[in-house]
Amino acid sequence: MIKEYKTIREVAGPLMLVKQVSNVTYGELGEIELQNGERRRCKVLEVNGTDAIVQLFESSAGMNLAESKVRFLGTGIEFGVSPDILGRVFDGLGRPIDNGVPVIAEKMMDINGVPMNPAARDYPSEFIQTGVSAIDGLNTLVRGQKLPVFSGSGLPHANLAAQIARQAKVRNSDSKFAVVFAAVGITFEEADFFISDFKKTGAIDRTVLFINLSSDPAIARISTPRVALTAAEYLAFDLDMHVLVIITDITNYAEACREVSAARKEVPGRRGYPGYMYTDLATMYERAGRRKGSNGSITMIPILTMPEDDKTHPIPDLTGYITEGQIILSRELYKKGITPPIDVLPSLSRLKDKGIGDGKTREDHASTMNQLFACYARGKEAKELMVILGEAALTPIDRIYAKFADEFEEKYVNQGYNTNRTIEETLDIGWELLSMFPKSELKRIKESMYDKYMKKDKK
């Protein structure tokens, strides 16, 4: 029998103190019944003897503490999964919000999941084609990888996220592909953009969408990525699907953690974030990967906005330690009208070498990637010299490099949000750009590759 308590003593922001409780555990769900019969949900954050601190899922407005009752339900937050979750839209706690029929759960799964045993992990090695040249060609995404996007306030990361969700696929594979998209702490307009974009393009059919609005309470913001990852684990390891998880915006998640930590009067760490922020983020990011003996996998693209475009801010800093690289969006390119404004030089995919080459992408991929990086870096230096000394001070070859930098941004990076390029198209554009240089400058290209692919482009 579930016991009821009428011992609510204090409410402070999203937290509530309940005294004289027994057999209550951390993470357990509770239900508060108000005097008028209305019910609100809560979750146990801390148990100290017979005192329990719970966090409210809804507002505490209108709550009469003396007349309200609390009952604890004996379970944590669970998400009911079945193949029917594909094509559906849920809120941050896993409740359907698309006016569709209720999902009949095949089983209930704890949203906190179970950490994947490191010895059971399989090494990421298969190429995922996003259709975005700056990612596929130069910072390749590999199945089972965690590759975050570092953005800034006002930059179009939402458009890039929607584009990747629409276009991403695993090549040369018969396994089914699904996208789990979690939008954390976004505005109603952004939510409407994602839902309408996925429905318009038909991408919704292979997508599970979780929408948490900025007006929702902090606890829902903290739960949203975990509910999404629970859905991804079911699709990947129960249904053997390749699952791409996109979470935007991790910064809103971290802010919610800071809000709860401050309400609990915990000792703050850097910039007021809780000292356990690294561990907290790792419990989410490390749920991605490939598992030995399973055909399914979880690949993750967390998106975060860097406050004041600061890469040393705790959120991008900690994320960079846990994940395998980063894609960085550039405000300078955005101002030039380059879309998507991906800054390829500071961007990095640490696993790109594992997912490219003959049989995965194309034999010339590594050579062209290295050569494009080298030429673009020298081209940027030449442009900086041109600003200081004037174009006349540059050597003829430096002028070619400066021109190449502009052409590279215009033709290779600037593809818009509706162009879906195959890896062959991306590589061919790279060869076309490299044809601007005399053969003696292309030191990273093997002669056999040059003869095979450059001639083809020059016909």
Side-chain angles (χ1 to χ4, degrees), residues 25-31 39-45 54-58 72-116 165 178-186 191 194-195 198 204 206-213 216-241 243-248 250 252-253 256-257 280 283-289 291 294 296-300 302:
T25 57
Y26 171 78
E28 190 174 338
L29 274 181
E31 198 173 62
R39 294 185 178 185
R40 298 179 188 175
R41 295 204 294 170
C42 61
K43 173 187 167 187
V44 178
L45 276 190
V54 301
Q55 183 169 13
L56 301 167
F57 285 96
E58 290 97 4
F72 295 99
L73 307 178
T75 62
I77 304 175
E78 294 181 322
F79 180 54
V81 293
S82 84
D84 298 334
I85 61 174
L86 282 167
R88 300 298 301 271
V89 184
F90 299 89
D91 69 3
L93 296 170
R95 298 172 295 201
I97 54 171
D98 54 2
N99 300 319
V101 296
V103 174
I104 299 171
E106 217 171 64
K107 65 176 181 177
M108 302 298 291
M109 294 178 68
D110 188 328
I111 67 162
N112 294 305
V114 179
M116 200 185 295
V179 176
V180 173
F181 194 100
V184 183
I186 62 170
F194 286 126
I195 294 169
F198 289 172
I204 190 78
R206 62 165 191 174
T207 303
V208 189
L209 202 55
F210 293 89
I211 300 288
N212 167 255
L213 298 175
D216 292 338
I219 185 70
R221 196 118 57 253
I222 293 170
S223 299
T224 305
R226 301 182 193 282
V227 177
L229 284 162
T230 304
E233 285 170 345
Y234 169 74
L235 295 172
F237 304 126
D238 285 36
L239 303 186
D240 286 338
M241 300 178 83
V243 184
L244 175 65
V245 179
I246 300 174
I247 304 173
T248 177
I250 292 292
N252 294 334
Y253 169 84
C257 289
D280 192 275
T283 58
M284 289 197 311
Y285 294 149
E286 291 299 336
R287 290 170 75 174
R291 189 182 289 172
S294 172
S297 63
I298 298 175
T299 307
M300 189 187 293

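In this text the structure is predicted, and so the values were computed from the model without any measurement. The figures here come from the full heavy-atom set of this structure, side chains too, leaving out hydrogens, waters and symmetry mates.
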Could you pull out all residues at least two apart from [X] that satisfy salt bridge (charged side-chain N to carboxylate O under 4.0 Å, His left out)?
X    : answer
R41  : none
E78  : none
R221 : none

Between CZ on residue F90 and CD1 on residue I211, distance to nearest 0.5 Å: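 Output value for this atom pair is 12.0 Å.
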OG1 on T283 to CG on L229, rounded to 0.5 Å: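 These two atoms lie 9.5 Å from each other.
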Keeping [X] on the side-chain end and [Y] on the backbone end, is there a donor-acceptor pair under 3.5 Å?
X    : Y    : answer
S294 : G296 : yes
R226 : D110 : no
E28  : G74  : yes

Heavy-atom side-chain proximity of I104 to S82 below 4.5 angstrom: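 When only atoms from C-beta onward are counted, S82 and I104 do not touch, as no gap falls below 4.5 Å.
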pair F198-V179: side-chain heavy atoms closer than 4.5 Å: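 Side chain of F198 against side chain of V179, heavy atoms only: no contact under 4.5 Å found.
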F79 ring center near Y234 ring center (under 6.0 Å):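 No; Y234 has its ring centre 6.0 Å or more from that of F79.
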Salt bridge flag under 4.0 Å for residues R291 and D238: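 Salt bridge absent between R291 and D238.
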Minimal non-hydrogen separation, Y253 against I222, with atom names: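 In this case the closest contact between Y253 and I222 is CE1-O, 3.4 Å.
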Shortest non-hydrogen separation from I85 to G80 and the atoms involved: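 The answer is CG2-O, 4.2 Å.
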